[in-house]
Amino acid sequence: RLKGHTHALCGIAVVPGTPQILSADVAGVFRLWDMRNFRCMQSFGGPDAQGSDLSSFCVMPPHRRLAAGGARIALYDYMDEWGGESVTDTAGVTDALYNPKAGEFYTISKRTVKAWQGGTRALVQ
């Protein structure tokens, strides 16, 4: 049993090629866990961060980055500090998905689907 989140969990993802998983709660707190010893390696985000009101996230392993969707999109570089800029979708993000072959992540909101470059964070379409 992994303990550490104080709010309801909204997602979990395996970090491919590693013994790590990422968990997230609705307050926007992320925890990077090492499953060999069941310890939290890193915690980031939270109510004061860009990812509060979190509803979904996706992991982009080649970039060691994740995209978190809630009222807006927040990008984090895990195993580092804050990953940089945040972009806004006025309808709020309800889901996020990473496509490793294209190196892109996709977000869905009430009325739109958007494509973003995983490496540059630029809006593709």
Side-chain angles (χ1 to χ4, degrees):
R1 195 180 264 205
L2 304 175
K3 294 183 179 181
H5 287 281
T6 58
H7 292 82
L9 295 177
C10 64
I12 190 166
V14 172
V15 180
T18 74
Q20 301 167 346
I21 63 169
L22 278 159
S23 60
D25 66 33
V26 295
V29 174
F30 291 89
R31 292 191 183 274
L32 181 65
W33 302 91
D34 186 327
M35 298 310 293
R36 294 172 295 191
N37 58 22
F38 303 104
R39 291 193 180 162
C40 180
M41 299 171 54
Q42 184 181 14
S43 181
F44 53 94
D48 296 330
Q50 299 291 331
S52 61
D53 298 326
L54 184 67
S55 60
S56 181
F57 74 96
C58 65
V59 178
M60 298 175 275
H63 308 291
R64 298 191 60 76
R65 183 171 294 142
L66 64 87
R72 61 183 128 198
I73 301 165
L75 301 172
Y76 293 95
D77 291 334
Y78 55 89
M79 295 307 291
D80 285 323
E81 294 299 319
W82 167 246
E85 66 203 65
S86 169
V87 291
T88 302
D89 191 331
T90 57
V93 176
T94 57
D95 204 358
L97 175 70
Y98 179 65
N99 180 344
K101 291 191 184 226
E104 296 176 342
F105 67 97
Y106 310 100
T107 57
I108 186 169
S109 63
K110 190 172 184 178
R111 296 187 179 131
T112 62
V113 175
K114 294 183 179 178
W116 308 84
Q117 273 297 323
T120 64
R121 307 173 182 153
L123 178 65
V124 176
Q125 195 168 28

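- Residues Arg31 and Gln42 are not in side-chain contact: their nearest non-hydrogen atoms beyond the backbone lie 4.5 Å or more apart.
- Residues that satisfy the side chain to side chain contact (heavy atoms under 4.5 Å, CB included) test with Pro19, not counting sequence neighbours, are Asp34, Arg36.
- When all heavy atoms are compared, the tightest approach of Ala27 to His7 is CB-ND1, 3.6 Å.
- The main-chain N or O of Gly69 is found under 3.5 Å from a side-chain atom of Ser55 such that the two form a donor-acceptor pair.
- Using cut-offs of 30° and 60° on the angle between ring planes, the pair Tyr76 and Phe30 is tilted.
- In this structure, Phe57 and Gly11 approach most closely via the heavy-atom pair CE2-C, 3.5 Å.
- Listed by chain and number, the residues in a side chain to side chain contact (heavy atoms under 4.5 Å, CB included) with Cys10 are Ala24, Val26, Leu54 (sequence neighbours excluded).
- Looking at Leu75 and Trp116, their side chains never come closer than 4.5 Å, going by heavy atoms from C-beta outward.
- Residues meeting the side chain to side chain contact (heavy atoms under 4.5 Å, CB included) test with Ile21, sequence neighbours left out: Leu2, Ile12, Val14, Trp33, Met35.
- Closest approach of Ser23 and His5 over heavy atoms only: OG-NE2, 2.7 Å.
- To the nearest 0.5 angstrom, Leu9 atom CG is 6.5 Å from Asp25 atom CG.
- Atom-to-atom distance recorded for Leu66:CG and Leu32:CG is 9.5 Å, nearest 0.5 angstrom.
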